[in-house]
Amino acid sequence: MRSLLLVTFALLAAADAPKKTDEPSTANCIALDLKNNLLTVYGSVADDAKTFRLGFAEMQSVLYSANSDKKETIANIFSSEKLAIRQKLKDDCLTFDGTLANDLLRKHDGAVSLNFSEQMLCAISYSDLPKVVQDGGYKEIASNFKRGHFEVIAEINWTKYSFVFNTFAPESFIMRTSKNLSFLKEESIGMLALDRRTNSPSRARLYPFTKIYTNGTGYSSPILITPTIDKHTMGVGFIKGFDWIVDYRRSKVYFRKNHLGIDLYSGVSHKVAVNEEQIEIVRTSDSPTDYQIGDIVVAMDTLLVQPENLCEIYFRLLSDNDWRPLKIKVRRQ
């Protein structure tokens with residue numbers, strides 16, 4: 001059952017802060033956080049602090065709550081809207097309380113700034129937008145706006161591709177398997193990935209050093225090719241290396257390079273997920289290894305996986321590219 005609840009995205013105090021000429025006032029911003037390529041913003045519900053996952057490619061903003069009876073209104077820097085309530089997720093170790101999504105981001109009467117340099121998500125008025133773009137050194141990047149998301153155009157081997165701007169995806173780039181991709185002859189690594197639709201392994205390939213061009217500048221970035229997705233995707237591993245301004249009214253996107261850098265290839269890493277309160281291996285190399293798709297991690301070093309330490313072990317395995325120093329025990333299904 002869905003319902004509605006009052007949510008306030010807290011504004012940052014800026015009375016004593018010096019105002020920059022190339023950025024919006026911090027009075028129009030909310031705090032942004034990035035850990036393990038998980039992007040969140042902060043708000044409050046009835047003065048209780050809450051964390052919301054930021055989903056530029058998600059259709060609907062929601063609040064996860066066990067209380068489905070209250071009916072109030074959401075208020076934030078972008079709009080005043082009613083917010084859907086859903087039961088809180090239990091099975092993923094992700095400690096957020098809801099999602100701030102495309103429906104509210106695009107209803108703001110102005111542009112939205114995703115500023116990793118200042119760790120802020122900001123609302124920019126249309127009267128201020130030209131100055132912020134010019135003084136901040138932003139450049140327009142080719143884009144397509146669709147219902148519920150927008151896509152950024154990038155070039156690989158003189159071929160243009162559209163990538164969904166997806167702040168839920170931790171990888172840099174994920175592309176759907178196709179024999180027509182322009183870089184298939186480049187160096188690659190065989191991978192296996194769990195296909196949730198069939199609950200069985202599917203073959204994927206990782207291209208670790210592909211050159212991707214945006215506005216004439218090339219960046220080396222890993223690209224995962226897999227049949228398990230429907231659309232080419234640009235994820236946080238690349239997005240975080242830039243500051244972005246999204247003008248929904250005029251269907252334009254601006255960006256500039258920041259100091260954070262993008263994720264580069266650092267060796268083949270296994271990927272895990274929490275499924276039914278277990279840590280499951282969902283991606284690995286297709287060469288012989290000690291692990292297979294669907295294996296359940298039951299211990300790491302001297303720690304047995306238990307409910308009280310499951311999330312600690314999960315995040316350690318998620319963030320560590322090299323499992324060789326670890327003593328990991330698995331149960332094969």
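In the displayed structure, Arg176 atom CZ is contacted under 6.0 Å by more than 12 heavy atoms of other residues, nucleotides or ligands. Glu312 CD: 12 or fewer foreign heavy atoms inside a 6.0 Å radius. Within 6.0 Å of CZ on Arg324 lie no more than 12 heavy atoms contributed by other residues, nucleotides or ligands. Within a 6.0 Å sphere centred on CD of Glu308, other residues, nucleotides and ligands contribute more than 12 heavy atoms. Within a 6.0 Å radius of NZ in Lys231, other residues, nucleotides and ligands contribute 12 heavy atoms or fewer.
Checking Asp243 against Tyr138 by side-chain atom types alone, no donor-acceptor pair falls below 3.5 Å. Side-chain polar atoms of Glu58 and Asn102 form no donor-acceptor pair below 3.5 angstrom. Ser285 and Tyr291 form no side-chain donor-acceptor contact under 3.5 Å, judged by distance and modelled atom types alone. Donor-acceptor pairing under 3.5 Å is lacking for the side chains of Asn258 and Asn115. Between Arg53 and Thr99, the side chains place no donor N or O within less than 3.5 Å of an acceptor N or O (distance only, hydrogens not considered). When only modelled atom types and interatomic distance are considered, Asn166 and Thr233 share no side-chain donor-acceptor pair under 3.5 Å.
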> Going through the distances and angles, do Gln60 and Asp103 end up as a side chain to side chain donor-acceptor pair (under 3.5 Å)?
Replying inline: CA-CA 6 Å; Gln60 184 181 38; Asp103 57 337; 5.4 Å; no

> Yes or no on side-chain contact (heavy atoms from CB on, under 4.5 Å) for Phe163 and Met175, after CA distance, side-chain angles and deciding distance?
Replying inline: CA-CA 8 Å; Phe163 295 91; Met175 300 183 71; 3.7 Å; yes

>> Using salt bridge (Lys or Arg N to Asp or Glu O under 4.0 Å), reason through Asp247 and Arg250 one step at a time and then give a plain yes or no.
In response: CA-CA 6 Å; Asp247 182 349; Arg250 298 182 178 90; 3.4 Å; yes

>> Let's go through Leu224 and Arg283 carefully: what are the C-alpha distance in whole Å and the side-chain angles of both, what is the deciding distance for side-chain contact (heavy atoms from CB on, under 4.5 Å) to 0.1 Å, and is it a yes or a no?
In response: CA-CA 11 Å; Leu224 180 69; Arg283 188 186 302 163; 3.4 Å; yes

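Results of the side chain to side chain contact (heavy atoms under 4.5 Å, CB included) test with Val330 over Ile296, Ile281, Val298, Asp290 single out Ile281 as the only residue that passes. When the options Gln292, His270, Lys271 are evaluated for a side-chain hydrogen bond (donor to acceptor under 3.5 Å, both in side chains) with Thr284, the one that passes is His270.
Using a 4.5 Å heavy-atom threshold, the side chains of Ile189 and Arg205 count as separate. Here the side chains of Glu151 and Lys146 are in contact, with some heavy-atom distance below 4.5 Å. You'll find the side chain of Val297 reaches within 4.5 Å of the side chain of Ile328, heavy atoms only.
Here Phe242 pairs with Tyr219, Phe238, Trp244, Phe255 under the ring pair (Phe, Tyr, Trp, His ring centres under 6.0 Å) rule; sequence neighbours left out.
Hydrophobic cluster membership is shared by Val305 and Leu326, with clusters built from Ile, Leu, Val, Met, Phe, Trp and Tyr side chains linked at under 4.5 angstrom. Under the 4.5 Å side-chain contact rule for hydrophobic residues, Val236 and Ile141 share a cluster. Cluster annotation: Leu105 and Val164 are assigned to distinct hydrophobic clusters (Ile/Leu/Val/Met/Phe/Trp/Tyr, side-chain heavy-atom contacts under 4.5 Å, transitive).
Atom CD1 of Ile153 sits about 11.0 Å away from atom CD of Glu155, to the nearest 0.5 Å. For the atom pair CG of Leu114 and CG of Leu121, the computed distance is 6.5 Å after rounding to the nearest 0.5 Å. For the atom pair OG of Ser178 and CD1 of Ile225, the computed distance is 9.0 Å after rounding to the nearest 0.5 Å. Taken to the nearest 0.5 Å, the CD atom of Glu186 stands 4.5 Å off from the OG1 atom of Thr210. In this structure, Thr159 OG1 and Asn180 CG are separated by 10.0 Å, a value rounded to the nearest 0.5 Å. Going from atom OG1 of Thr40 over to atom CG of Leu32 covers 7.0 Å, rounded to the nearest 0.5 Å.
Other residues sharing a hydrophobic cluster with Ile293 under the 4.5 Å side-chain heavy-atom criterion for ILVMFWY residues are Leu192, Leu194, Val282.
Salt bridge annotation for Lys327-Asp301: absent, with no cationic side-chain nitrogen under 4.0 angstrom from a carboxylate oxygen.
The aromatic rings of Phe150 and Phe56 sit perpendicular to each other, their planes meeting at more than 60°, with 30° as the lower class boundary.
Note: Phe165 and His149 fail the aromatic proximity criterion, with ring centroids not under 6.0 Å apart.
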